[in-house]
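Letters A, B, ... mirror the listed sequences (proteins, then strands); counts begin at 1.
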Amino acid sequence: MTNSRQLQPGALSMSNKSSFDSYRRRFLGGVASTVAGMGVAPGVVLHSVGHAKPAGDAVTGDVRWGMLIDTNKCAAGCDDCVKACDDEHGLTGFDRPETDAQWIRKVTLKDKQTGHTQTLPLLCQHCEKPPCVDVCPTGASFRREDGIVLVDKHICIGCRYCMMACPYKARSFVHETLQDQKPFAPRGKGTVESCTFCVHRVDNDRTPACVEACTAENHNAMVFGDMNDPDSELSRQLKKYNSRQIRADLELNTGVRYRGI
Amino acid sequence: MRITVIKLWCTVLALGLLPGMPALLNADDSLLPVIPEAQHRVSEAQGCVEPVEKMRKDHMEYILHQRDETMYEGIRTRQHSLVECINCHVSDAPDAARYGSTEHFCSSCHKYASVQIDCFQCHADRPVKTSRHNSLAPGTMRLHGKSVVEKDDLLNDKLQATAAGGTVHE
Ligand code: SF4
Ligand code: SF4
């Protein structure tokens with residue numbers, strides 16, 4: 001745990017926590033066990049039902065969300081992941097590329113010696129030891145128990161220290177008054193923001209928008225999953241293939257790993 | 001000296017107004033806020049997610065509490081969620097009132113009570129029903145790489161190799 005502001009599970013429990021939640025939990029528990037008990041042909045194991053977290057449960061450090069990006073499969077000129085992210089979070093530009101919000105961007109790498117070029121998507125690397133959290137004077141930048149790095153915009157003062165500290169230039173500052181934000185992506189002038197690993201989707205057992213778009217287009221360059229679960233597709237691939245962290249020398253233990261760079 | 005005079009004036013004014021006050025309050029109901037109806041009721045007996053009296057007084061506590069639980073702990077129960085308040089209390093018509101208008105549920109009262117909040121500088125003040133988030137039930141997606149596979153596919157080497165990210169040699 002790198003962040004002193006992180007709350008203990010249950011620390012926020014309200015005395016009159018409603019029976020609504022406990023009912024819901026019992027109900028969902030019942031559904032999960034029914035599904036798990038359903039017959040499947042012998043020898044066929046469905047790796048599923050696993051991750052669904054009841055809405056009323058707190059996230060824990062048992063999970064660490066991560067991503068593997070295979071740059072060999074990342075097509076030059078394709079920006080489906082970027083478009084999906086913009087759409088998901090309502091990131092609209094003001095025709096000022098220098099300052100417009102950018103949570104994920106395509107970067108082209110060129111080997112000067114050989115002239116070989118490749119492209120890859122760059123986003124917040126969800127560092128285990130995030131410099132953005134270290135420098136934040138208000139405690140607004142924080143790392144969730146499950147490894148997702150976020151900004152609590154309620155207390156962010158917009159000083160932008162974190163933008164300076166991030167080695168990946170992953171953060172943006174909102175310069176303009178905004179309207180029509182997406183319900184699950186509150187954003188506002190004067191605060192800093194970055195990729196949230198689509199935390200609103202992940203909490204609902206869904207995959208980040210960029211990964212979904214990449215997969216839907218059959219590029220399959222991105223895999224999302226739980227690095228702590230040896231059975232997840234992500235862990236299997238990480239174990240099988242060589243992958244790298246960008247700027248591994250900084251020893252931030254990033255949650256996003258790359259193949260083919 | 002000046003202060004004493006002002007105080008005196010205030011007293012005179014207040015005394016002069018007092019007898020007329022009840023009449024003033026009764027006289028003009030149009031001064032009270034018109035609060036738009038919610039779209040649903042939790043139950044016939046209890047309209048809102050908590051008894052209405054409690055909601056009037058404490059809704060901000062519930063929302064504040066939920067805010068931290070959601071942000072830091074990923075707790076996404078719907079009962080005290082601001083998104084759900086908006087979904088129920090604001091119409092999803094394209095021309096629905098925005099925060100700031102007396103016809104918007106939240107501002108109808110805040111205006112009357114001279115309360116200034118900044119929730120809606122960042123949060124959506126109208127429901128977005130078309131959002132893909134709401135159209136999919138939890139658990140129907142790819143389960144973070146642990147995709148549910150059909151039996152036929154599972155026994156097919158080609159699929160396994162592809163799913164594992166390997167190159168398939170035909
Ligand atoms: S990539 Fe940058 S913004 Fe993301 S956790 Fe690391 S330092 Fe923070
Ligand atoms: S801009 Fe906000 S999140 Fe970043 S360091 Fe300053 S207060 Fe923290």
(request) Flag the one option from B:R67, B:H123, B:R126 with the top tally of heavy-atom pairs under 4.5 Å to chain A. (result)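 Among B:R67, B:H123, B:R126, the one with the most close pairs to chain A is B:R67.
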(message) I'd like to verify something: which residue of A:V174, A:L68, A:D180, A:T191 has the highest number of heavy-atom pairs under 4.5 Å with chain B?
(response)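 Most heavy-atom pairs within the cutoff with chain B belong to A:D180.
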(request) Specify which of A:H154, A:Q179, A:K189 makes the most heavy-atom pairs with chain B at under 4.5 Å. (result)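 Heavy-atom pair counts peak at A:H154.
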(message) Checking side-chain polar atoms at under 3.5 Å, does B:Y72 have a donor or acceptor matched by the opposite partner on A:D152?
(response)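 The answer is yes; a qualifying pair exists.
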(request) Would you kindly say whether B:E50 and B:H80 are connected by a side-chain donor-acceptor distance under 3.5 Å? (result)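 Short answer, yes.
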(message) Once salt bridge (Lys or Arg N to Asp or Glu O under 4.0 Å) is applied, do any residues pair with A:E217, and if so which ones, sequence neighbours excluded?
(response)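 None.
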(message) The criterion is ring-ring contact (aromatic ring centres under 6.0 Å, His included); which residues satisfy it with B:F120, sequence neighbours excluded?
(response)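 If we apply the ring-ring contact (aromatic ring centres under 6.0 Å, His included) test to B:F120, skipping adjacent residues, the hits are B:Y99, B:H104.
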